[in-house]
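This one's a predicted model, so the numbers in the text were calculated from it and none came from an experiment.
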Amino acid sequence: MAATTDAAPALGPGIYRRKTKTQRVLNALNGMVAVPMRDPFALVGLAIYVVFVLVAIFAPQIAPYDPLEILFADGKLASNIPPLTDDHVLGTTNLGRDIYSQLVFGTRSALIIGLSAAFIVAALGTLVGLLAGYFGGLIDTIMMRIADVALGIPFLPFVIVLAAFLDPSVWNIVLAMALLLWPNTARVVRSQVLTVRERAFIDAARVTGSSTSRIIFQHVAPNILPLSFLYGSIAIGWAILTEASISFLGFGDSNVVSWGVMLQDSFLSQALSRGSYHWFLPPGICIILVVVAGFFISRGYEEILFPKLRD
Amino acid sequence: MKKFCSQNCGTSPLSILSIQDLHVYYETGRGTTRAVDGVTFDVPEGHVVGLVGESGCGKTTAARAITRVIPKSASIVSGRIIYDGKDLLQLSNRDMAALRWREIAFIPQSAMNSLDPVYRVGSQIIEILRDRGGFDRQRARRRAVELFEMVGLDDKRLRDYPHQFSGGMRQRAAIAFALALEPRLIIADEPVTALDVIVQRQILDTFKDLQERLGLSVILVTHDISVVAFSCDEVVVMYAGQVAEAGPTAAVLAEPVHPYTMGLYNAFPDLQRSAGTLVPIDGNPPDLTLTQTGCRFADRCPFVLDECEREAPSLIQANEGHTAACWRRGEAAALRRQAEEVTTWQRS
Amino acid sequence: MVRVVNRLLHMLFVLWAVATIMFFMFRLMTGNPLAAYIDTNFTLEQQEALLVQFGLDKPLWQQYFIYIGNLLQGELGQSFFYRKPVGEVLMNAFPNTIVLTMGALVVAYLFGIPVGAYLAWKRGTWIEGVGIPTVLATRAAPEFWLGMILLAVFAFNLGWFPSGGANTAGAEFNSEFARFTSVDFLWHLVLPALSLALYLQGLPLLLMRSNMLEVMQEEFVTMARMKGLSEWAIIMRHAARNALLPVVTTFALSIGLSVGGNVVVETVFSWPGLGRLLVGAVASSDFPLAQGAFLLITLVLVSMNFIADLLYHVLDPRVSHGSNN
């Protein structure tokens with residue numbers, strides 16, 4: 001019935017065989033991108049990302065207004081215009097800013113925060129996990145102790161305190177995420193390294209006189225990269241959610257247009273009691289779409305890593 | 001003990017179970033695997049029938065198909081499984097469920113995985129007795145103690161969890177489970193394979209003793225021909241989803257007709273006689289997703305002829321009550337002499 | 001037993017490490033060590049007393065030991081804003097947070113576990129196709145945004161529930177217990193607990209589902225079928241019971257995680273809990289209170305991780321009943 005779990009064969013036998021460098025890189029890329037995309041959910045996730053990336057790049061062309069510009073109509077402040085009036089698809093805020101334009105520009109900060117945090121978390125976690133798993137001993141013990149401590153710190157409160165002490169900036173959110181979220185990736189990567197390390201082909205590489213770094217990066221890394229991608233794709237969503245929460249609480253950078261700041265703005269401007277759903281629903285929906293896209297893509301990597309669940 | 005079939009069941013009146021031309025296929029990613037492809041054999045009442053063959057030959061699938069509890073990817077395509085005059089494949093799910101364990105019980109290969117890890121062993125026996133046997137709590141408890149005594153386990157062990165049992169104790173418990181509702185037929189799927197030889201012997205002794213005492217009919221699935229020699233009245237040798245040879249154990253083992261049986265016998269140490277030279281059969285069983293015109297053993301058979309490749313032989317009587325699917329069954333005595341030579345099985 | 005002591009030591013280590021990190025963050029990042037404990041609006045005597053109590057005139061390393069010593073006695077200083085000992089302020093807010101968290105978690109697990117099992121059973125049908133993305137969407141939604149929607153619809157639009165706080169202003173109660181069991185309090189609890197529960201149910205649901213799918217592949221489930229047990233007995237007594245084990249331990253984990261994550265929901269509903277206290281303290285530079293709230297949240301998180309670990313070993317007979325042959 002259930003096939004035994006073994007991550008490596010799913011990557012294709014090519015990784016084991018001796019190949020030229022380019023072939024090896026191509027194979028690894030194939031494992032990273034093409035294989036997970038065979039999952040229809042992962043494909044949908046990727047499609048959502050592509051759309052958001054395009055919106056972020058072409059934000060100035062798509063948005064009809066400057067998101068921070070205070071608009072006037074007939075010499076009066078264009079505040080609280082209901083949706084679908086004139087060219088305000090989603091209406092305006094109580095200060096006369098175009099909500100749709102804010103939503104479009106919010107894509108930029110969401111993707112910047114999400115992708116940079118995900119990259120740092122995945123890279124740091126993978127590096128620590130690789131080193132701890134490969135060398136073991138004291139390095140392993142110390143790094144895993146630090147990981148325990150990082151996991152014992154409550155995440156959101158820590159980000160709040162950090163954001164309050166440092167200047168309000170999106171980079172502090174990225175920093176806080178990097179400080180606290182790497183251990184999840186590191187732990188999983190470490191245990192994966194421990195299994196991969198024991199496999200025969202690593203011994204073979206050692207006997208043939210490959211250097212340590214060569215062994216790690218050429219033989220071990222391709223087997224654990226899907227894991228990094230898995231945790232990376234989840235971290236994107238985490239980062240965007242965290243930014244939204246921090247901004248909502250008022251510790252974000254109010255000069256940046258982000259979905260979190262939009263939600264805070266609407267909350268503080270009595271959008272709820274006024275029933276201005278067109279103001280606070282769209283940013284939340286956008287957040288859900290991006291985060292769910294991350295979940296979907298991670299499913300594609302789970303497919304590689306844990307194929308037994310889906311036969 | 002032995003009784004005649006009250007209705008016309010179209011088989012030997014002494015059979016409690018008769019499997020006729022059974023086909024069980026698996027849907028896999030690579031296509032349809034014909035794991036059981038036209039299997040026919042009978043289980044005489046009160047007898048132990050060994051179902052023997054290499055792993056992947058379809059013996060477990062065939063045995064499990066009798067209970068109709070098979071994986072989602074498998075389906076019983078055609079055939080008849082006549083039990084006590086009824087075709088089990090025609091029964092409604094409800095009737096089939098009612099029959100399970102009360103009439104046909106099962107002893108699994110690994111009792112560890114087949115016991116629920118979070119309940120005490122005793123409460124799992126009592127579950128069967130109460131849910132399926134209609135016992136009240138007190139009688140169920142008494143019966144559980146009695147069953148444990150029957151299989152040689154201390155009744156204190158009823159309070160243990162499965163992981164607290166040793167491998168041999170688990171298999172004994174599995175026998176106790178199977179006997180709980182006094183079934184007429186027990187299907188034992190490699191019941192001792194996971195154990196060391198000494199424990200194997202003890203458990204087979206216990207099992208054989210109980211089987212004789214209770215007059216049970218048993219299908220014993222095993223890959224180990226020495227287990228067959230030790231405990232079976234009849235044997236059905238399976239190869240690649242089909243029956244290669246079948247008959248009384250003594251006849252089949254003493255005078256095998258099918259070259260596969262000859263090879264299988266050479267490939268196993270004997271429980272009784274001291275281990276001689278073990279000679280493996282070269283090659284692998286055929287891919288069951290592909291259709292094959294000739295005899296399925298032809299690729300590995302040292303006595304292969306041209307006609308073996310052209311057409312598959314059918315299961316035909318070779319001696320009294322002894323059938324084999326081989327074109328050369330007439331020359332069996334001569335082939336047996338050759339088969340004793342190690343060189344026969346070594347390919348160039 | 002060795003294991004319990006081991007985990008306990010581990011927990012104390014993590015607590016010590018976090019307390020140390022907090023010490024340096026609050027002393028160094030606030031710019032002035034005095035600023036961490038002394039508000040210039042305090043009376044001179046108060047300032048003097050705090051100076052001595054926290055050893056703020058001594059070198060940093062001595063301050064550190066005094067800080068740890070004070071922590072062990074539960075001494076966290078004076079809140080700038082409330083003009084009361086931090087411990088007292090925290091203890092007023094803590095029960096509100098616990099009630100909110102537990103209420104939400106109980107609802108989330110009571111919903112998530114059966115629905116997760118149901119979705120496992122419905123694997124491969126359209127129900128799964130609709131159900132899974134819906135659950136993922138609730139996991140992906142910011143919890144405060146879910147709260148905002150509930151607030152807009154049920155408080156402002158329909159007027160069924162109050163829009164914030166834990167009690168109607170001016171309501172008086174004989175005891176804390178009377179307050180928690182009053183209709184007024186429960187009425188205020190519904191919306192915040194519901195928005196939290198909406199966010200939290202995804203974890204038990206998805207976990208239960210995947211565990212069920214895994215357990216249904218196990219040999220003992222096949223055996224249960226062979227025994228002719230009813231489908232209900234197979235699913236509830238065997239599959240669900242096994243699948244439930246890891247889910248139950250996440251309940252304790254979730255308490256710890258949620259007490260820290262509540263911050264935003266408490267803010268949306270002006271719920272007088274720890275999270276809101278922390279946000280307010282950070283925003284108004286009430287450093288002793290911020291530090292105290294942070295440490296208390298950490299304590300809950302770390303001890304719940306510890307309990308979850310123990311719970312797993314108590315609930316699983318494979319571990320709690322050692323091998324005895």
Open item on the list: Checking C/Ser210 against C/Glu214: is there a side-chain donor and acceptor pair closer than 3.5 Å?
Closed with: no
Task: Side-chain H-bond candidate by donor/acceptor type, C/Gln201 with C/Thr138, under 3.5 Å - done: yes
Looking only at non-hydrogen atoms, find the nearest pair between [X] and [Y] and report the distance.
X        : Y        : value
A/Ile240 : A/Gly114 : CG1-CA, 4.0 Å
C/Leu105 : C/Leu200 : CD2-CD1, 3.7 Å
C/Trp271 : C/Thr97  : NE1-N, 4.1 Å

- [ ] Calculate, to the nearest 0.5 Å, the distance between atoms CD1 and CG belonging to A/Ile297 and A/Leu230 respectively.
- [x] 11.5 Å
Task: Residue part contacting chain C, namely of A/Phe158, when any heavy atom lies under 4.5 Å - done: both
Open item on the list: Between A/Phe295 and chain C, with a heavy-atom cut-off of 4.5 Å, which part of the residue counts as in contact: side chain, backbone, both or neither?
Closed with: side chain
TODO: For the pair C/Lys122 and C/Glu128, find out whether any cationic side-chain nitrogen is under 4.0 Å from an anionic carboxylate oxygen.
DONE: no
Task: Validation row, ring centre A/Phe248 to ring centre C/Trp145 under 6.0 Å - done: no
Open item on the list: Heavy atom to heavy atom, less than 4.5 Å: which residues from residues 285-292 of chain A reach chain C?
Closed with: A/Ile285, A/Ile287, A/Ile288, A/Val291, A/Val292
TODO: Flag the pair C/Ser303 / C/Met11 as yes when at least one side-chain heavy-atom distance between them is below 4.5 Å, and no otherwise.
DONE: yes
- [ ] Would you check if C/Gln217 and C/Val221 make a side-chain contact, meaning some heavy-atom pair closer than 4.5 Å?
- [x] no
[X] portion near chain A, given a 4.5 angstrom heavy-atom threshold:
X        : result
C/Val264 : both
C/Ile21  : side chain
C/Leu301 : side chain
C/Val153 : both
C/Ala137 : both

TODO: Name the member of A/Gly250, A/Ala244, A/Gly294 that forms the most heavy-atom pairs with chain C at distances under 4.5 Å.
DONE: A/Ala244
TODO: Could you check which of A/Ile246, A/Asp148, A/Leu156 has the highest count of heavy-atom pairs closer than 4.5 Å to chain C?
DONE: A/Asp148
